Asker: 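One structure, pasted below without further comment.
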Amino acid sequence: MWCSRVALRRLQRVAAASLNGTGGLTSTMQKEMSTLPRVYVTRQIPPEGLKILRESGQVQFELWDSDDVPVPRKELLQKVKGVDALLCVLTEKIDKEVLDAAGPNLKVVSTMSVGFDHLSLEELKKRGIRVGYTPDVLTDAVAELTVALLLTTSRRLIEATHEAKTGGWGTWRTLWLCGYELADSTVGILGLGRIGVAIAERLAPFKVKKFIYTDVAPRPELARAINAEYVSMDELAKQSDFLAVCCALTPETKEVCNKNLFSKMKKTSIFINTSRGGVVNQDDLYEALSSGQIAAAGLDVTVPEPLPTSHPLFTLKNCVILPHIASASYSTRGAMSALAANNLLLGLRREPMIKEIKL
Ligand SMILES: O=C(O)[C@H](O)CO
């Protein structure tokens with residue numbers, strides 16, 4: 001450990017004192033704090049993580065003190081200079097330019113996200129920088145939101161509330177606002193991981209007939225838990241009544257949901273994406289939705305984010321678009337914040353992180 005226990009306890013007292021607003025740091029204490037490793041936090045993250053950093057007595061940190069506006073690139077490049085660690089969120093591209101600006105002191109990047117397509121892993125690896133991320137703690141929240149989005153889309157809830165509010169609700173009609181139900185359906189999962197399994201577990205009680213999935217290779221252990229069958233991408237497209245995209249965005253999965261996939265799907269099928277917008281070719285999706293090639297889509301993620309309000313997808317009644325909120329529950333965001341902070345501190349101490357990306 002790089003800091004003695006006595007010093008650590010003293011710094012914890014210092015941090016607690018300043019946290020409580022009691023202030024009164026002696027100049028020696030201030031000097032001690034200024035020798036601690038420097039951390040830049042690119043967003044005002046939930047208090048759980050900030051508290052861990054503050055009370056650790058292990059680091060000094062500066063943060064971009066806003067949750068509403070991401071740190072401007074110029075400011076980021078300036079602030080990272082000479083830092084030992086960086087705690088970021090998914091809106092910051094941590095690439096060669098940022099890493100060069102940070103310089104050789106940077107040892108740890110900790111992202112408060114499960115997705116890491118905003119991190120240039122190759123550049124991080126080249127520099128021997130360790131990378132933490134926040135899987136698992138958000139699985140339940142993301143699965144829950146995926147189910148909510150799926151039902152909202154398949155049962156046309158946004159259209160229905162709009163009709164009720166705006167006078168479109170006439171007499172009870174036999175086929176008005178009919179949608180598609182999960183009972184007796186086939187649900188396909190593109191990219192079977194923890195989140196895909198959690199979605200299937202939640203959908204099973206709706207009497208789904210069959211779960212199928214595709215991935216780079218079969219994942220028998222995960223599949224067994226939900227009794228899912230491994231199929232080819234073509235079969236996934238052809239058989240799925242509901243297709244949920246759960247894969248990470250990589251060069252291999254970029255726009256893998258395109259004309260080719262949509263053209264093989266049933267006209268009655270529902271497409272749901274809560275992973276990354278880059279997995280979908282949005283022009284092809286627009287075409288598939290507007291031509292009736294597929295029934296509807298529910299998207300929590302798009303390219304770009306935010307999706308401009310003038311985007312053609314917003315004109316479609318059969319497309320439900322959410323502003324990337326899958327993990328947005330208070331408890332999950334708090335847990336993500338705490339995990340990101342703990343990963344960072346462990347990384348700086350050269351100890352195994354709780355969740356680390358093996359580069
Ligand atoms: O990658 C992630 O963590 C999600 O997309 C946002 O919570």
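Atoms within a ligand are numbered from 1 in the order they appear, just like the ligands themselves. Below, all heavy atoms of this structure are taken into account, side chains as well, without hydrogens, waters or symmetry copies. Remember, predicted model here, so these are calculated numbers, not experimental data. Position 1 is the first residue of the sequence, and the numbers go up from there.
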Asker: Does one side chain, of S337 or E48, offer a donor that lies under 3.5 Å from an acceptor on the other?
Answerer: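 No donor-acceptor contact under 3.5 Å links the two side chains.
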Asker: Starting from atom 1 (O) of ligand 1, find the nearest protein heavy-atom neighbour and note its residue, name and distance.
Answerer: R276 NH2, 2.6 Å
Asker: List every atom of ligand 1 that sits less than 4.0 Å from any heavy atom of M336, numbering the atoms from 1 in the order shown and giving each element.
Answerer: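 Checking each atom against M336, I get 3 (O), 7 (O).
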Asker: Under 4.0 Å between a side-chain nitrogen and a carboxylate oxygen: does that hold for D84 and R38?
Answerer: no
Asker: Looking at E144, I'd like to know if its CD atom is crowded, meaning that more than 12 non-hydrogen atoms belonging to other residues, nucleotides or ligands lie closer than 6.0 Å.
Answerer: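 Open: at most 12 neighbouring heavy atoms sit under 6.0 Å from CD of E144.
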Asker: Run the numbers for me: atoms of ligand 1, each under 4.0 Å from some heavy atom of S327, listed by number.
Answerer: 6 (C), 7 (O)
Asker: Run the salt-bridge test on R73 and E97 with the 4.0 Å N-O cut-off and return the result as yes or no.
Answerer: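 So R73 pairs with E97 through a salt bridge.
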Asker: If we ignore hydrogens and angles and just use 3.5 Å, is the side chain of W176 paired with the main-chain N or O of W169 as donor and acceptor?
Answerer: no
Asker: One residue to check: L138. Relative to ligand 1, which of side chain, backbone, both or neither has a non-hydrogen atom less than 4.0 Å away?
Answerer: side chain
Asker: So, K126 and E122, do they make that salt bridge, N to O below 4.0 Å?
Answerer: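 Salt bridge between K126 and E122, a charged N being under 4.0 Å from a carboxylate O: no.
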Asker: Which atoms of ligand 1 are found less than 4.0 Å from any heavy atom of L90?
Answerer: 5 (O), 6 (C)
Asker: Heavy-atom contacts with H324 under 4.0 Å: which atoms of ligand 1 show up? List them by number with element.
Answerer: 4 (C), 5 (O), 6 (C)
Asker: Which protein heavy atom lies closest to atom 2 (C) of ligand 1, and at what distance to 0.1 Å?
Answerer: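 Result: V114 N, 3.4 Å.
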